[in-house]
J.: 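One structure is given below, represented as structure tokens, and several questions about it will come after.
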Amino acid sequence: MPNNSNLESTTRRLTTVLFIGQGLALLAIFTTSAISSITGTMLAGTPRAAGWPSAATLVGGSLAAYPIGRLMGHVGRRIGLSIGYSIGMLGGIVAGLGVIGQSLPVFLIGSMLLGAARVSSDQVRYAAADIFTLRRRARAVSLIVFAGTIGAVLGPALTPIADRAAQAIGLGKLVGPWLISGVLFVIPLIVINIFLRPDPREVAQQLSAANVVG
């Protein structure tokens with residue numbers, strides 16, 4: 001068990017890693033938030049499909065919530081988050097390929113995967129709670145929520161840039177944001193894999209073993 005000074009240093013470092021990871025993950029997710037309905041309508045050829053991408057995202061998140069939570073409980077936060085970010089990377093690419101191929105079903109599958117990634121990313125809040133004592137957990141969770149807000153604000157700003165860049169290299173309209181979303185998930189995946197050590201679950205076990213409540 002590390003002494004209090006070492007534990008405090010570890011907690012600060014892990015909090016920084018989780019903050020960065022959550023901000024980058026939500027940046028990837030919200031890069032496409034403003035165009036999901038437009039994309040669904042364009043692929044389906046009818047305004048009735050405007051809500052289908054959002055519905056697919058919710059279904060994907062609902063299906064993933066329990067298994068990803070169980071997984072993190074068994075193998076730790078780092079592996080669970082890494083799997084979630086990998087799913088997000090795949091989701092963005094699949095959705096982008098659906099737009100390229102003008103395939104609504106493929107696009108909706110990509111949207112479902114992105115929904116699963118969003119639910120996985122939200123587990124960062126619990127990872128942050130793991131590394132803090134009871135009286136400090138609320139502040140830790142609020143900090144992670146704030147990181148997500150930064151990503152949510154900046155993400156839509158990337159949408160037109162990604163769209164123009166994709167069209168400049170010969171890809172169709174609205175393809176770029178989906179592909180960029182998938183690519184952006186690579187960054188939090190790398191950050192979490194390299195720097196989220198020790199796993200927050202291990203820190204929680206150490207705090208519990210030491211009976212630290214302050």
Side-chain angles (χ1 to χ4, degrees), residues 1-30 60-92 113-155 181-214:
M1 171 70 190
N3 58 43
N4 289 340
S5 177
N6 288 340
L7 184 59
E8 186 69 23
S9 175
T10 298
T11 297
R12 286 197 299 269
R13 180 175 56 79
L14 293 180
T15 302
T16 301
V17 173
L18 292 170
F19 184 93
I20 294 172
Q22 179 71 343
L24 291 170
L26 269 292
L27 177 67
I29 289 170
F30 280 96
S62 299
L63 293 176
Y66 179 75
I68 199 68
R70 290 278 296 178
L71 179 67
M72 289 191 187
H74 284 294
V75 301
R77 313 307 186 193
R78 184 176 63 254
I79 295 177
L81 288 171
S82 296
I83 292 173
Y85 296 150
S86 298
I87 292 172
M89 182 172 58
L90 178 63
L113 292 172
L114 287 171
R118 171 65 188 273
V119 166
S120 301
S121 179
D122 285 345
Q123 299 292 319
V124 170
R125 303 173 189 179
Y126 304 107
D130 282 341
I131 60 178
F132 281 91
T133 55
L134 184 60
R135 286 189 296 183
R136 300 170 64 189
R137 283 177 185 166
R139 184 172 63 180
V141 172
S142 67
L143 182 64
I144 298 302
V145 171
F146 176 67
T149 302
I150 294 174
V153 170
L154 295 179
S181 176
V183 171
L184 286 174
F185 270 108
V186 175
I187 306 175
L189 175 62
I190 293 173
V191 169
I192 291 296
N193 263 292
I194 295 177
F195 298 108
L196 196 66
R197 299 174 186 274
D199 192 283
R201 188 180 64 159
E202 297 174 15
V203 178
Q205 291 169 347
Q206 292 171 352
L207 289 173
S208 178
N211 197 27
V212 179
V213 297

J.: For Ile144 versus Ala128, what's the shortest heavy-atom pair and its separation?
T.: CG1-CB, 3.6 Å
J.: Side chains of residues 183-191: which donor-acceptor pairs under 3.5 Å do they make with residues two or more places apart or in other chains?
T.:
none

J.: Looking at CG of Asn6 and CD of Gln206, how far apart are the two atoms once the value is rounded to the nearest 0.5 Å?
T.: 10.5 Å
J.: When you measure from the side chain of Arg137 to the backbone of Ala129, do you find a donor-acceptor pair of N or O atoms at a distance under 3.5 Å?
T.: yes
J.: Donor-acceptor pairs under 3.5 angstrom involving side-chain atoms of residues 15-28: please list them, not counting sequence neighbours.
T.:
from, atom 1, to, atom 2, distance (Å)
Thr15, OG1, Thr11, O, 2.7
Thr16, OG1, Arg12, O, 3.0
Gln22, OE1, Ser121, OG, 2.5

J.: First locate atom OG of Ser82, then atom CE of Met72, and finally report the distance between them rounded to the nearest 0.5 Å.
T.: 8.5 Å
J.: What distance do Ile83 atom CD1 and Arg78 atom CZ have between them, rounded to the nearest 0.5 Å?
T.: 11.5 Å
J.: About how many Å separate CG of Asp130 and CG of Leu14, when rounded to the nearest 0.5 Å?
T.: 10.5 Å
J.: Could you give the distance from CD1 (Ile194) to CG (Leu196), rounded to the nearest 0.5 Å?
T.: 11.5 Å
J.: Taking all atoms of both residues into account, what is the closest heavy-atom pair of Ala116 and Ala64, and its distance?
T.: CB-CB, 3.5 Å
J.: Nearest 0.5 Å, what's the CG-OG distance between Leu81 and Ser86?
T.: 10.5 Å
J.: Could you check whether any side-chain N or O of Ser142 sits under 3.5 Å from a backbone N or O of Arg139, counting only pairs where one atom can act as donor and the other as acceptor?
T.: yes
J.: Does anything in residues 183-209 form a salt bridge (charged side-chain N to carboxylate O under 4.0 Å, His left out)? List the pairs, not counting sequence neighbours.
T.: none
